Protein chains: 2
Amino acid sequence: MRSPGDGNARADNGARLVNDIGTRLEAISVWLRKLDPEATFDARDRKLLSEAVADLHAFRAGQVLSNEGDGVGTAVLIVRGIACRSKETLGGRRQIIAICLPGDLSEPGGAALEKTDYSVQALTAGCAALVPARSLRGLEKRESIAFALRRAEARDNAISREWILNLAARPAKERIAHLLCELVSRLRQVGLVRGNACEFPLSQQVLAEATGLSAVHVNRILQDLRAAGLIRLQAGKLEFPDPLRLEALAEFSPLV
Amino acid sequence: MRSPGDGNARADNGARLVNDIGTRLEAISVWLRKLDPEATFDARDRKLLSEAVADLHAFRAGQVLSNEGDGVGTAVLIVRGIACRSKETLGGRRQIIAICLPGDLSEPGGAALEKTDYSVQALTAGCAALVPARSLRGLEKRESIAFALRRAEARDNAISREWILNLAARPAKERIAHLLCELVSRLRQVGLVRGNACEFPLSQQVLAEATGLSAVHVNRILQDLRAAGLIRLQAGKLEFPDPLRLEALAEFSPLV
DNA sequence: CGCATTGTTGAAATGAATCAAAACTTGTGG
DNA sequence: CCACAAGTTTTGATTCATTTCAACAATGCG
């Protein structure tokens with residue numbers, strides 16, 4: 001089932017095609033859920049969207065989906081699993097700039113810049129759909145879809161701004177609480193939260209790279225949050241026993 | 001000349017109209033410089049742009065140009081002076097999210113979100129041009145201008161990402177050095193740098209709010225940078241005696 | 001001239017990083 | 001099915017960067 005020399009290397013780049021019809025439907029469904037939560041798209045909108053989805057690829061944790069400096073050719077739609085945008089400091093420190101959940105385009109804004117200033121890397125195993133830049137541009141001709149795409153991008157930008165505030169102005173506990181709130185809120189939007197619990201396969205190391213803290217400190221903060229009864233996190237499952245109290249601590253309010 | 005009860009209050013909001021022809025020309029010139037540095041626009045492009053500029057307003061330091069939660073009606077083009085986008089923490093701490101220099105739109109992305117998640121505030125005295133949302137949408141019909149606007153927005157986003165890296169991954173000295181490099185690089189793009197020197201009217205308090213550091217620490221770091229011969233900063237003038245060495249320290253590279 | 005803002009200094013307190021090592025998971029191959 | 005390797009979580013001790021508090025000097029403005 002695996003090619004030889006497989007391993008867990010970070011920069012691994014083998015892309016396995018998974019063009020079965022089930023995954024394809026899943027891709028379109030998750031994208032729709034993201035772009036059109038109020039279900040205002042008509043049949044033609046949905047058809048156009050589904051036609052824009054080209055190949056589907058499975059990826060493994062650590063796999064690089066696109067590299068800093070690459071030309072922006074095709075957009076990548078996350079279908080299952082979690083990825084991130086990241087930049088590196090010369091010291092070799094990786095900083096996660098944004099987290100891409102199912103339904104997210106890994107490189108919004110399309111081809112406005114000649115080359116990207118960040119890499120996209122898988123944080124877990126999963127699969128992604130390719131959306132060629134020209135298909136995307138085609139979609140923008142359709143008013144309803146263009147609006148949804150622009151809104152998604154605007155939300156993306158709002159999240160970046162929130163990250164800036166989070167990184168610069170909040171102490172570690174609040175910072176991590178905020179990140180968790182954000183992720184769960186976004187997972188809920190694409191139907192991946194049941195009650196107040198969801199799959200949460202990110203390691204503490206990853207949380208550290210996203211919050212600009214050390215992994216050790218993240219560990220201690222998580223213990224604090226657990227002890228305060230604000231989160232339950234184990235075996236890849238995350239639960240908020242008292243969402244309101246956690247959101248108050250984090251100063252989190254879901255964006256409109 | 002001033003209305004009574006004027007003072008220096010942060011939330012001051014009196015807007016003085018300055019619709020003289022000189023300021024108007026300055027507005028168009030600085031916007032062109034920003035959108036079309038390679039001067040590829042034709043006469044019609046430039047005409048459309050100049051027609052989109054509505055009223056011009058003078059602002060004072062500290063004045064609020066638009067508030068968090070406001071609906072996004074008209075875009076604000078900074079013509080002279082410096083402004084910022086900022087968010088507040090419940091503790092009352094203000095965090096600067098982005099710095100708006102002459103030529104920048106204070107709220108890019110237009111009306112994709114119902115209400116903004118940040119405020120826009122003047123950091124110095126200056127003046128701004130209003131660009132009604134509908135004029136902006138009109139401009140987007142023109143391919144050359146639409147491209148330039150999208151590119152400007154993409155650059156804006158790239159700078160936000162760089163801020164995230166800067167805030168999360170770089171120690172104070174590098175962080176401040178990086179911010180200074182960014183600002184001077186952007187000021188140069190709009191012709192406000194002569195040699196390696198420029199006007200620099202931002203207080204250390206403002207630098208602190210932009211970098212997530214305390215004003216005291218910013219002060220000490222600036223002294224370090226001065227002592228190392230990397231910057232000269234006094235009386236509102238900033239100079240880089242050795243730009244390359246500063247950029248190396250900051251890991252700064254101007255975006256393409 | 002006086003008052004407000006900005007820049008500067010020192011000492012003490014603290015949040016978070018680092019280093020090092022152990023316990024625990026998880027997947028893998030024998 | 002067990003044993004091993006690799007990654008992940010946890011713990012403790014120590015160091016370091018940065019904040020905070022407080023006070024004072026310089027600067028600019030009305």
Side-chain angles (χ1 to χ4, degrees), chain A residues 1-2 4-10 12 60-62 89 91-93 95 122-125 166-177 200-227 231-238, chain B residues 1-10 12 60-62 89 91-93 95 122-125 166-177 200-209 211-227 231-238:
Chain A
M1 201 98 248
R2 293 282 180 79
D6 225 354
N8 245 339
R10 253 201 185 174
D12 189 345
R60 286 184 299 280
T89 218
R93 172 168 182 170
Q95 173 63 35
L123 295 173
T124 71
N166 207 29
L167 290 167
R170 285 199 258 261
K173 199 195 293 197
E174 287 81 344
R175 199 183 301 180
I176 290 180
F200 195 83
L202 300 185
S203 71
Q204 298 182 357
Q205 176 61 40
V206 166
L207 294 180
E209 285 170 342
T211 50
L213 300 165
S214 71
V216 171
H217 202 52
V218 167
N219 180 279
R220 297 197 231 257
I221 299 285
L222 287 177
Q223 291 179 55
D224 283 0
L225 291 174
R226 271 191 277 248
I231 64 169
R232 248 190 275 160
L233 174 56
Q234 58 185 320
K237 294 275 271 175
L238 172 62
Chain B
M1 200 101 244
R2 292 280 180 80
S3 52
D6 223 354
N8 245 338
R10 253 200 185 175
D12 189 345
R60 285 184 299 280
T89 218
R93 172 168 182 169
Q95 174 62 35
L123 295 173
T124 71
N166 207 30
L167 290 167
R170 285 199 258 262
K173 199 197 289 196
E174 287 81 344
R175 199 184 299 180
I176 290 179
F200 195 84
L202 301 185
S203 71
Q204 298 182 355
Q205 176 62 38
V206 165
L207 294 179
E209 285 170 340
T211 51
L213 300 166
S214 70
V216 172
H217 202 52
V218 167
N219 179 284
R220 296 198 235 257
I221 297 287
L222 286 177
Q223 291 179 54
D224 283 0
L225 291 173
R226 271 191 277 249
I231 64 170
R232 248 189 276 160
L233 174 56
Q234 59 185 321
K237 292 276 272 174
L238 172 62

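In what follows, chains carry the letters A, B, and so on, assigned in the order in which the sequence lines appear, proteins first and then strands, with residues in each chain numbered from 1. Because the structure is a prediction, the values reported are computed rather than measured.
Heavy-atom contacts from other residues, nucleotides or ligands closer than 6.0 Å to CZ of B/Arg226 number more than 12.
The nearest whole Å value for the distance from the CD1 atom in A/Ile231 to the C1' atom in D/dT9 is 13 Å. Here C/dC24 presents its P atom at 14 Å from CD of A/Gln223, a figure rounded to the nearest Å. Between B/Leu202 atom CG and C/dT6 atom C1' there is a gap of 13 Å when expressed in whole angstrom units. The interatomic distance linking B/Glu209 (CD) with C/dT6 (P) rounds to 10 Å, in whole Å. Here the C1' atom of nucleotide D/dT11 and the CG atom of A/Asp224 are 14 Å apart, to the nearest Å. At whole-Å resolution of the value, CG in A/Leu167 and P in D/dT18 are 15 Å apart.
Using a 4.0 Å cut-off, no side-chain N or O of A/Asn219 falls inside it from OP1 or OP2 of D/dT9. Not one side-chain nitrogen or oxygen of A/Gln205 sits closer than 4.0 Å to the OP1 or OP2 atom of D/dT9. Phosphate proximity of C/dT8 to B/Gln204: present, with a side-chain N or O under 4.0 Å from OP1 or OP2. Contact annotation: B/Gln234 does not reach the phosphate of C/dG7 (side-chain N/O to OP1 or OP2, under 4.0 Å).
When the salt bridge (charged side-chain N to carboxylate O under 4.0 Å, His left out) test is applied to A/Arg175, no partner is found at least two apart in sequence or on another chain.
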Check your understanding: Going 5' to 3' along nucleotides 11-23 of chain C, which nucleotides have protein heavy atoms under 4.0 Å from the base (write B), which only from the sugar-phosphate (write S), and which from neither (write -)?
Key -> B----SSBB----
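A distance of 11.5 Å separates OG in B/Ser214 from CD in B/Glu209, rounded to the nearest 0.5 Å. Separation of atoms NE2 (B/His217) and NZ (B/Lys173) is listed at 10.0 Å; rounding is to 0.5 Å.
With contacts defined as side-chain heavy-atom distances shorter than 4.5 Å, the pair B/Leu233/B/Leu225 does not qualify. With contacts defined as side-chain heavy-atom distances shorter than 4.5 Å, the pair A/Thr89/A/Gln95 does not qualify.
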